[in-house]
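Have a look at the structure below, then the notes.
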2 protein chains.
Amino acid sequence: MSSLPPTATPAAARTPAPAAVAPAFSPLYQQIKGLILRSLQEGEWKPGESIPSEMDLAGRFRVSQGTVRKAIDELAAENLVIRRQGKGTFVATHAEHQVQYRFLKLLPDQGDAREEGPAQRTVLECRRARASADVARALALRTGDTVILARRILAFAGVPTILEELWLPGQAFKGLSAEQMASYQGPTYAMFELEFGVRMVRADEKIRAVLPDAAQAQSLGVSETTPLLSVERLAYTYNDAPMELRRGLYRTDTHYYFNALN
Amino acid sequence: MSSLPPTATPAAARTPAPAAVAPAFSPLYQQIKGLILRSLQEGEWKPGESIPSEMDLAGRFRVSQGTVRKAIDELAAENLVIRRQGKGTFVATHAEHQVQYRFLKLLPDQGDAREEGPAQRTVLECRRARASADVARALALRTGDTVILARRILAFAGVPTILEELWLPGQAFKGLSAEQMASYQGPTYAMFELEFGVRMVRADEKIRAVLPDAAQAQSLGVSETTPLLSVERLAYTYNDAPMELRRGLYRTDTHYYFNALN
DNA sequence: GAGTGGTCTAGACCACGCG
DNA sequence: GCGTGGTCTAGACCACTCA
């Protein structure tokens, strides 16, 4: 931070106004992180593109490279950005070959997920609907607001394994069609980035064991006494804004849900 | 350690001998991290105790404070130590009040885990046994090696919710008794630290939906048609050595398994 | 060889906890 | 007021990528 007229904010923000009760000291690198985050949100750099070099950003924000570095370190730890030595720092995307299907934790008992390949998708329906009370609450909408409801089956090696319903805010996903859902190659979340500019950043899952009803059992080709994993996922974009509610039923006779605890 | 003859390695290790094929460049802070890790393993500092200050360690290893800092940062990220500003850096322990039951992801539908309080434990049995092929493989033992098998029920608010079996290497857990399992207040993993010097550092879980057999159903007070979550956990100490295989059946009518995806 | 991220250092100062 | 971790800087050099 140095000698020229302060156009960037940090210089001023250095001494935050002492809030009544919570002093809320915020280190410089956190403020820088916030600024970069804002640019990410506003789409100044698109998924897959590189962001400016650390030196450039340091110049832009009038801080040292080390401070920018620490800000980017955190963004990288949150998977918002990917660092590649010698090349640059890139906006993370679900279209990456490496961490594809980042949020899908279902693995095959035999072999590994790579040889199994991507799931075959069958879209059962995709239509506009009104948000029920619970869907509205999850997506931070009002009951009755327009949502998109999609239902589909994912099969691995020809075996139907996942039956899921997706609820999306009608606002952000206006025009989403069954064709779009079915035809896009690669992760659905990559399609959301490309077609709707919506980037899923993190998600929570609530998991239960359940028995399917008759229709669900038929869709998955199992009996009604076959226990299934019920996975309710709430996915968020930037700013912790919920953007997708997904309810899945997973068969766990050929696959298992994997979780690494630290 | 400071102005004396260099017994610490890093100064010498600074220029690693170039291995035949893989140069395997290892940054200084990684080497420091390894040294600290070794001290943790060897019990130079016990769980809950503080480790030397960054300055002290910097002196001991003859590197700058920043380098020690980065090493400790990684250890903290892996939950092996806990930093407390103004106080020091402490060896992590499962006995901490804050992150108690770190590996238990089952949450109540109503209210939160704190008001629910710790589970009531009923130890069904705890005895020596011979490792079956699959248990031996999981624990990196040989089939027929001695293991400890414990079975217990955990209840929340008086409702039996978890039925689980624990397999432990006989070597490390010699003498573990049902009384010990039942009487210790707090996480079982904290008892393992205290009584056996075994610290669980991370774990993997494989989750499936299953139906209980008659005995299991009775233990949990549910019918045989009640789907349950089967949670197979493999817990590791330092060095990725597996030290516990745990197979649990979770009721998910009053609780759910929570997972945060990043 | 130029440019990018990655490491390392040395020193200054800040926030926090505690006696 | 002291010691601890936390932040910030400035500068040097290293490893990697690509033209």
Side-chain angles (χ1 to χ4, degrees), chain A residues 1-3 8 10-16 18-19 22-36 45 49-77 80-92, chain B residues 2 8 10-16 18-19 22-36 45 49-77 80-92:
Chain A
M1 174 139 328
S2 39
S3 39
R14 189 73 74 90
T15 307
F25 160 76
S26 168
L28 228 201
Y29 77 87
Q30 286 287 3
Q31 303 174 38
I32 302 300
K33 181 185 168 188
L35 294 175
I36 298 176
W45 317 297
E49 287 180 10
S50 76
I51 72 174
S53 75
E54 296 178 353
M55 280 307 210
D56 285 354
L57 289 171
R60 163 145 141 198
F61 299 129
R62 301 169 164 288
V63 298
S64 78
Q65 190 214 3
T67 300
V68 170
R69 186 163 190 69
K70 184 142 192 192
I72 294 179
D73 275 346
E74 292 209 348
L75 293 171
L80 295 177
V81 114
I82 297 179
R83 320 190 74 139
R84 281 201 258 268
Q85 182 171 168
K87 301 183 70 172
T89 301
F90 300 78
V91 182
Chain B
S2 39
R14 193 75 74 88
T15 306
F25 160 75
S26 168
L28 227 200
Y29 77 87
Q30 286 286 5
Q31 301 174 39
I32 303 300
K33 180 185 170 188
L35 293 175
I36 298 176
W45 315 297
E49 288 180 9
S50 76
I51 71 174
S53 76
E54 296 178 352
M55 279 308 210
D56 286 354
L57 290 171
R60 149 132 69 140
F61 299 131
R62 304 170 159 287
V63 298
S64 78
Q65 189 215 5
T67 301
V68 169
R69 185 161 190 65
K70 183 140 193 193
I72 294 179
D73 275 346
E74 293 210 347
L75 294 171
L80 297 177
V81 298
I82 297 180
R83 323 190 72 139
R84 281 202 258 268
Q85 183 171 164
K87 301 183 69 174
T89 301
F90 300 78
V91 182

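For the numbers below, each heavy atom of this structure counts, side chains included, while hydrogens, waters and symmetry mates do not. Just so we're on the same page: letters track the sequence lines, and every chain starts at 1.
Of all the heavy atoms in V91(A) and V81(A), the pair that sits closest is CA-CG2, 4.3 Å. The shortest heavy-atom contact between I82(A) and A92(A) is CG1-CB, 4.1 Å.
Atoms CZ (F90(B)) and P (dG17(C)) sit 12 Å apart, rounded to a whole Å. The CG-C1' distance, from L28(A) to dC13(C), rounds to 13 Å in whole Å. In this structure, K33(A) places its NZ atom 16 Å from P of dG6(D), rounding to the nearest Å. Residue Q31(B) contributes atom CD, which lies 16 Å from atom P of dC14(D) at whole-angstrom precision. In this structure, the CE atom of M55(A) is 14 Å from the P atom of dC13(D), given to the nearest Å. With rounding to whole Å, I32(B) atom CD1 is found 14 Å from dT7(C) atom P. A straight line from CD of E54(B) to P of dA15(C) spans 18 Å, rounded to a whole angstrom. At whole-Å resolution of the value, CG in D56(A) and C1' in dG3(C) are 10 Å apart.
Checked against dG6(C), dA10(D), dG6(D), the side chain of Q85(A) finds its nearest nucleotide in dG6(C). Of the candidates dC8(D), dT17(D), dA10(C), the closest approach to any side-chain atom of P27(A) belongs to dC8(D). Checked against dC8(C), dG5(C), dC8(D), the side chain of T67(B) finds its nearest nucleotide in dC8(C). Picking from dC8(D), dA10(C), dG5(D) the nucleotide with the shortest atom distance to the side chain of S64(B) gives dA10(C). Proximity note for R83(A) (side chain, C-beta onward) versus dC8(D), dG6(D), dG6(C): the nearest is dG6(C). The side chain of F25(B) has dA15(D) as its nearest neighbour among dC8(D), dA15(D), dG5(C).
Listed by residue number, R69(A) are the residues of residues 69-77 of chain A with a heavy-atom contact under 4.0 Å to DNA chain C.
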Sequence neighbours left out, cut at 3.5 Å: what donor-acceptor pairs do the side chains of residues 70-77 of chain A make with other protein atoms?
from: D73(A); atom 1: OD1; to: R83(A); atom 2: NH1; distance (Å): 2.5
from: E74(A); atom 1: OE1; to: K33(A); atom 2: NZ; distance (Å): 3.0

Practice item. Using the side-chain contact (heavy atoms from CB on, under 4.5 Å) rule, take F61(A) and I36(A) through it: C-alpha gap first, then chi angles, then the decisive distance, then the call. Key: CA-CA 10 Å; F61(A) 299 129; I36(A) 298 176; 4.0 Å; yes
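Nearest-nucleotide assignment on DNA chain D puts the 5′-proximal partner with T89(B), out of Q65(A) and T89(B).
At least one donor-acceptor pair under 3.5 Å links the side chain of Q31(A) to the backbone N or O of S26(A).
Atom CZ of R60(B) is separated from atom OG of S53(B) by 11.0 Å, given to the nearest 0.5 angstrom.
Proximity of K87(A) to the phosphate of dG3(C): no side-chain N or O atom is located under 4.0 Å from OP1 or OP2.
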